[in-house]
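Keep in mind that the numbers below use all heavy atoms, side chains included, and drop hydrogens, waters and symmetry copies.
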Amino acid sequence: MREQGYCVMEEVWSREEGRRIHDLFDRLLDRVVEDRSEDCFSGFGCKVLALWYREPGVREFLEAPPIRTFLEHAIEERVGFKMTGVRWSNLDSQPRIIWHDHFYWDPALLTQRRRFERVSLNCYLDGSTQAMGPLIVWPRAFHDPLHAPSVDPFAPRRGEIEVEAPPLSAVFMDSALDHCARRGTSARMRTMWGGQVQAQSCRRSHPQDTDGAWSAVQAWRWRKAKLG
């Protein structure tokens with residue numbers, strides 16, 4: 001990950017676990033569409049944050065031993081999830097998501113860091129493929145500066161890589177890695193879920209943090225209203 005900013009862990013979960021994860025997200029999506037509408041997939045898709053408060057069943061899968069072991073090896077200490085979420089998209093969604101990263105701190109910190117402090121975890125129920133819609137990355141080494149914003153944030157870039165990953169895989173990304181995604185060709189729903197983890201000793205706040213006490217209270221109220 002230090003050389004290119006990302007790595008792929010294939011088939012993290014078993015087929016049986018995959019069926020359970022699919023059922024979990026199908027039920028959650030039904031509840032979400034009740035609150036919104038069928039056209040909530042336009043734009044960049046339908047997104048739910050504070051995921052593991054809204055659907056506690058995802059915790060055991062996000063904290064699967066291979067995932068936690070890799071994250072703690074990459075960050076070199078214990079980690080905690082600071083943001084969890086899911087995004088569904090389909091053929092009604094935007095053809096391409098804009099280029100973005102998740103660093104959001106002073107760029108000068110990149111030249112001073114000795115290890116990863118924050119890592120993004122993207123999980124793909126049905127894979128990252130041409131059919132389902134691939135994750136696209138612009139590789140960067142550990143101490144590279146942040147990429148300058150593109151004039152056209154949707155435009156393809158020279159040197160971009162479409163990440164191929166089979167179903168039930170996870171992609172780990174440096175928070176400073178520029179990435180985007182393209183809409184797939186399949187009529188099936190694309191489900192990308194995961195979160196952002198941070199070293200427990202890193203107390204620096206981050207604007208994308210969603211998983212805290214207030215998120216837990218809001219999610220509890222939402223679940224109570226839906227499930228009784």
Pairing donors with acceptors under 3.5 angstrom, does anything connect the side chains of Ser201 and Glu77? yes
Check this for me: does any side-chain nitrogen of one of Arg182 and Glu160 sit under 4.0 Å from a carboxylate oxygen of the other? no
Can you label the angle between the His179 ring and the His100 ring as parallel, tilted or perpendicular, going by 30° and 60°? tilted
We want to know whether Arg183 and Gln94 form a side-chain donor-acceptor pair, criterion being a heavy-atom distance below 3.5 angstrom. no
Ring center gap for Trp88 and Phe41 short of 6.0 angstrom: no
Are His206 and His102 close enough that their ring centers fall under 6.0 Å? no
Tell me whether Arg118 is salt-bridged to Asp209, with the criterion being a basic N under 4.0 Å from an acidic carboxylate O. yes
Least distance between heavy atoms, Met9 atom then Val12 atom: O-CG2, 3.6 Å
Holding to salt bridge (Lys or Arg N to Asp or Glu O under 4.0 Å), I want the full list of residues that pass it with Glu17, two or more places apart in sequence or in another chain. none
Where the side chain of Ser120 meets the backbone of Ser175, is there a donor-acceptor pair that is under 3.5 Å apart? no
Taking the six-membered ring for Trp, are Phe70 and His73 parallel (under 30°), tilted (30 to 60°) or perpendicular (over 60°)? tilted
Taking the inter-plane angle between the rings of Trp99 and Trp138 on a 0 to 90° scale, is it parallel (under 30°), tilted (30 to 60°) or perpendicular (over 60°)? tilted
Measure the CZ-CZ distance between Phe116 and Arg2 for me, rounded to the nearest 0.5 Å. 5.5 Å
Charged N to carboxylate O under 4.0 angstrom, Arg19 versus Glu16? yes
Taking atom types as modelled, find out whether Asp126 and Tyr124 have a side-chain donor-acceptor pair closer than 3.5 angstrom. no
Geometric class of the Phe154/Phe44 ring pair [parallel <30°, tilted 30-60°, perpendicular >60°]: tilted
Nearest 0.5 angstrom please: Thr129 OG1 to Met132 CE, how far? 6.5 Å
Can you list the steps and then say if Glu60 with Arg20 is a salt bridge (Lys or Arg N to Asp or Glu O under 4.0 Å)? CA-CA 11 Å; Glu60 66 173 292; Arg20 289 170 56 201; 2.8 Å; yes
Residues Asp26, Arg31: salt bridge by 4.0 Å N-O rule: no
Does the side chain of Glu162 pick up a donor-acceptor pair with the side chain of Gln130 at under 3.5 Å? yes
With sequence neighbours excluded, residues passing salt bridge (Lys or Arg N to Asp or Glu O under 4.0 Å) with Glu63: Arg68
State the CH2-CZ distance between Trp105 and Arg113, to the nearest 0.5 angstrom. 9.5 Å
